[in-house]
*Asks:* 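This is the structure I want to talk about, given as structure tokens.
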Amino acid sequence: MNDQLLVRREKLNELREKGIDPYGARFERQDLAKTLDEKYSQEDKDELNDDMPKTRIAGRMLAKRGKGKVGFADLYDRTGKIQIYVRKDIVGEDNYQIFKKADIGDFLGIDGEVMKTDTGELTIRATHVTFLSKALRPLPDKYHGLKDVEAIYRQRYLDLITNRESYQRFVNRTKIIQAIRDYLNSQDFLEVETPVLHNIPGGAEARPFITHHNALDINLYMRIALELPLKRLIVGGMERVYEIGRVFRNEGLDTKHNPEFTELETYASYYDFHDVMDEAEGIIRAASKVVSDDGKITYQGTELDLNKPFRRIHMCDLIKEKTGVDFWKPMTDEEAKKIAEEHGIHPEPFWKVGHVINAFFDEFCEKTIVEPTFVYGHPVEISPLAKKNADDPRFTDRFEIFIMGAEYGNAFSELNDPDDQRHRFEEQMAEREAGNDEADMIDEDYLRAMEYGMPPTGGLGIGIDRLVMLLTDAPAIRDVLLFPTMRPEAVPSIEAEVQADMEKKNKKD
RNA sequence: GAGUCGUUAGCUCAGUCGGUAGAGCAUCUGACUUUUAAUCAGAGGGUCGACGGUUCAAGCCCGUCACGACUCACCA
């Protein structure tokens with residue numbers, strides 16, 4: 001234990017000796033930083049200092065400027081900073097010692113009077129200081145904040161205390177999700193909750209996490225998408241449903257991927273994918289209002305206008321624009337793979353024309369998109385749950401949303417023909433056997449639901465974390481996740497605990 | 001999975017040619033009744049990520065490992 005921890009423990013004991021509980025109790029506040037600002041910031045200094053209205057505030061002390069028989073400190077509550085001014089001649093000798101001995105990081109409650117200092121700063125002049133909670137560990141540097149990225153992720157509370165921009169980003173994350181809810185609710189969508197534990201993982205191409213249920217003695221999959229349960233609800237007549245929930249994909253992690261992330265999926269009966277484009281623009285615009293009045297935002301130095309109508313372009317047209325290759329022309333799988341080879345793309349054995357088109361888009365188009373764009377018309381081979389285009393069955397009525405080279409959403413006119421759906425699942429199983437372990441499995445229960453009749457439906461999925469990144473100008477997905485997935489920290493006591501727990505479980509089994 | 005970089009006081013960071021560890025903030029003591037990265041004077045504080053090697057001597061050179069960041073690969 002270092003000197004600072006020792007000193008703080010000594011102070012803790014001193015408080016107890018004086019009969020003060022270092023871990024306090026209920027404290028009723030009259031004001032927050034924000035309400036003080038709203039009420040008094042415009043008031044004239046002299047008038048305010050004649051009135052000195054009473055208030056009662058509380059917060060964590062993050063800065064302290066002592067000055068003999070008087071001191072200033074900054075307390076922070078959830079709405080911001082409040083400066084306090086403590087005078088020995090007002091609060092008395094004993095009470096002044098409480099303030100004097102308080103460390104940065106301690107929680108204090110202040111009864112006081114609202115005033116302005118010579119520099120015009122709104123300040124609470126204390127009439128009494130109530131000690132509310134002791135911090136035994138010193139906080140990071142008040143000026144530089146916490147910089148160690150590992151500590152920022154592992155000890156997010158320290159990041160939240162010392163880096164106010166980060167704090168505000170998480171507040172905005174919540175507000176963005178609320179704005180999306182409000183928008184969808186206003187369009188008469190019904191928010192629902194569906195199971196996280198699935199018998200068959202479906203609705204996306206991804207490797208799932210597997211878990212085990214003891215009482216039923218079955219393995220279950222953590223969901224990789226929300227899609228199939230929600231579409232069962234469309235069969236059930238709910239017409240407009242959405243879910244905002246965590247999905248889990250067992251894959252690598254980087255600046256844009258975390259193994260668990262938050263997805264929004266919406267389904268609306270009688271919509272087609274054009275309607276869903278309008279809906280998606282509406283959702284993104286509603287979300288952007290949290291951070292921008294006019295829809296203009298800056299992401300990593302690039303200005304974007306989310307209020308402008310998004311560009312809408314067919315995947316084949318975009319590939320033609322970027323590479324000159326025309327995939328509208330009918331061709332065999334072998335011809336397509338040959339073109340791929342000529343462009344430095346190595347096709348997998350199970351690939352068909354559609355996979356090659358998708359690979360061309362990934363390789364030559366995706367990163368070039370800057371302005372918000374709907375890319376539509378994905379090949380049927382890579383879109384097992386989307387309706388075929390009525391005029392050209394090689395492609396589907398599907399689109400994805402791209403902004404600055406990254407994907408933000410995926411949507412389509414839902415496939416509602418059970419026989420076609422069965423056929424698509426079978427194709428997926430064939431792909432699985434040919435080596436694609438992310439291809440869909442046949443979900444008989446879902447097919448049965450569809451056979452009862454599903455209305456034409458437009459569905460949409462949006463990655464909420466990425467949208468929050470975009471709107472809050474965060475470079476990495478970890479910056480918008482309070483607790484991103486990380487390897488366990490090497491702490492001997494934790495390791496021993498986990499091992500003991502595992503051994504106990506193994507004995508039981 | 002591969003490559004590059006990082007890990008030094010509670011925090012933010014220096015550390016030269018290999019010669020036995022430094023600053024600012026924080027902490028402690030003293031001064032100070034409108035400060036705001038308060039100021040001034042003094043003091044204490046280190047398993048240099050871990051382990052091993054080379055050397056008379058390692059924070060520094062070499063190797064292994066742990067954790068993290070970035071790039072690539074994988075992946076929507």
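The chains referred to below are lettered A, B, ... by the order of the sequence lines, with proteins before strands, and numbering in each begins at 1.
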*Asks:* What distance, rounded to whole Å, do you find between the two C1' atoms, one in B:rA58 and one in B:rU20?
*Replies:* 9 Å
*Asks:* Are A:Tyr376 and A:His314 near enough that their ring centres are under 6.0 Å apart?
*Replies:* yes
*Asks:* Any N or O donor-acceptor pair linking the side chain of A:Asp103 to the base of B:rA26 at under 3.5 Å?
*Replies:* no
*Asks:* Given B:rU33, B:rC74, B:rU12, which nucleotide is nearest the side-chain atoms of A:Asp148?
*Replies:* B:rU12
*Asks:* By nearest heavy atom, map A:His257 and A:Lys101 onto RNA chain B; which one lands nearer the 5' end?
*Replies:* A:Lys101
*Asks:* Taking the six-membered ring for Trp, are A:Phe412 and A:His378 ring centroids under 6.0 Å apart?
*Replies:* no
*Asks:* Counting only side-chain nitrogens and oxygens, does A:Arg398 get under 4.0 Å of the OP1 or OP2 atom of B:rA76?
*Replies:* no
*Asks:* Name the orientation class of the two ring planes belonging to A:Phe72 and A:Tyr85 (parallel below 30°, tilted from 30 to 60°, perpendicular beyond 60°).
*Replies:* parallel
*Asks:* The side chain of A:Asp3 is closest to which nucleotide in this list: B:rU27, B:rU35, B:rA76?
*Replies:* B:rU27
*Asks:* If we take the P atom in both B:rA9 and B:rU54, what is their distance in whole Å?
*Replies:* 28 Å
*Asks:* Can a side chain N or O of A:Lys256 be found less than 4.0 Å away from OP1 or OP2 on B:rU71?
*Replies:* no
*Asks:* How far does the P atom of B:rC13 sit from the matching atom of B:rC28, given to the nearest Å?
*Replies:* 24 Å
*Asks:* Quick one: does A:Gln83 reach the base of B:rU35 with a side-chain donor-acceptor pair under 3.5 Å?
*Replies:* yes
*Asks:* Using only side-chain N and O atoms of A:Arg487, determine if any of them is under 4.0 Å from OP1 or OP2 of B:rG68.
*Replies:* yes
*Asks:* Is any side-chain N or O of A:Arg478 closer than 4.0 Å to OP1 or OP2 of B:rG68?
*Replies:* no
*Asks:* Of the listed nucleotides (B:rA76, B:rU33, B:rC70), which one gets closest to any side-chain atom of A:Asp89?
*Replies:* B:rU33
*Asks:* So, under a plain 3.5 Å distance rule, would you say the side chain of A:Asp141 forms a donor-acceptor pair with the base of B:rG24?
*Replies:* yes
*Asks:* Taking atom P in both B:rG22 and B:rG46, what distance in whole Å separates the two?
*Replies:* 13 Å
*Asks:* Which value, in whole Å, describes the distance between the C1' atoms of nucleotides B:rG15 and B:rG24?
*Replies:* 15 Å
*Asks:* Indicate, yes or no, whether a donor-acceptor pair under 3.5 Å links the base of B:rA26 to the side chain of A:Gln4.
*Replies:* yes
*Asks:* Quick one: do A:Asp74 and A:Arg65 make a salt bridge, cutoff under 4.0 Å?
*Replies:* yes
*Asks:* Go nucleotide by nucleotide along RNA chain B from the 5' end; which of A:Pro138 and A:Gly68 gets its closest nucleotide reached first?
*Replies:* A:Pro138
*Asks:* Tell me whether the OP1 or OP2 atom of B:rU34 has a side-chain N or O from A:Lys67 closer than 4.0 Å.
*Replies:* yes
*Asks:* Give the nucleotide from the list B:rU34, B:rC75, B:rU35 with an atom nearest to the side chain of A:Thr123.
*Replies:* B:rU35
*Asks:* In whole angstrom, what separates A:Glu363's CD from B:rC75's P?
*Replies:* 12 Å
*Asks:* If I take atom OH in residue A:Tyr96 and atom C1' in nucleotide B:rU33, what distance separates them, rounded to the nearest angstrom?
*Replies:* 8 Å
*Asks:* From B:rU34, B:rA26, B:rU12, pick the nucleotide closest to the side chain of A:Lys142?
*Replies:* B:rA26
*Asks:* Which nucleotide, B:rA38, B:rU34, B:rA76, lies nearest any side-chain atom of A:Arg65?
*Replies:* B:rA38
*Asks:* Do NZ/NE/NH1/NH2 and the carboxylate oxygens of A:Glu113 and A:Lys54 come within less than 4.0 Å?
*Replies:* yes
*Asks:* Closest approach to the side chain of A:Glu205, judged atom by atom: which nucleotide of B:rC28, B:rC25, B:rA76 is it?
*Replies:* B:rA76
*Asks:* Just the rounded figure in Å: distance from P of B:rA26 to CG of A:Leu5.
*Replies:* 17 Å
*Asks:* Does the distance from a Lys or Arg side-chain N to an Asp or Glu carboxylate O, for A:Glu150 and A:Arg154, drop under 4.0 Å?
*Replies:* yes
*Asks:* Any side-chain N or O of A:Arg87 below 4.0 angstrom from OP1/OP2 of B:rU33?
*Replies:* no
*Asks:* Using 30° and 60° as the class limits, which term best fits the ring planes of A:His355 and A:Trp351: parallel, tilted or perpendicular?
*Replies:* parallel
*Asks:* Pairing check on B:rU35: which nucleotide meets the Watson-Crick or G-U wobble criteria with it, both distances under 3.5 Å?
*Replies:* none
*Asks:* Which nucleotide in the set B:rU12, B:rU33, B:rA76 lies at the smallest distance from any side-chain heavy atom of A:Lys69?
*Replies:* B:rU33
*Asks:* For the side chain of A:Asn2, counting heavy atoms from C-beta on, which of B:rU12, B:rG10, B:rU33 is nearest?
*Replies:* B:rG10
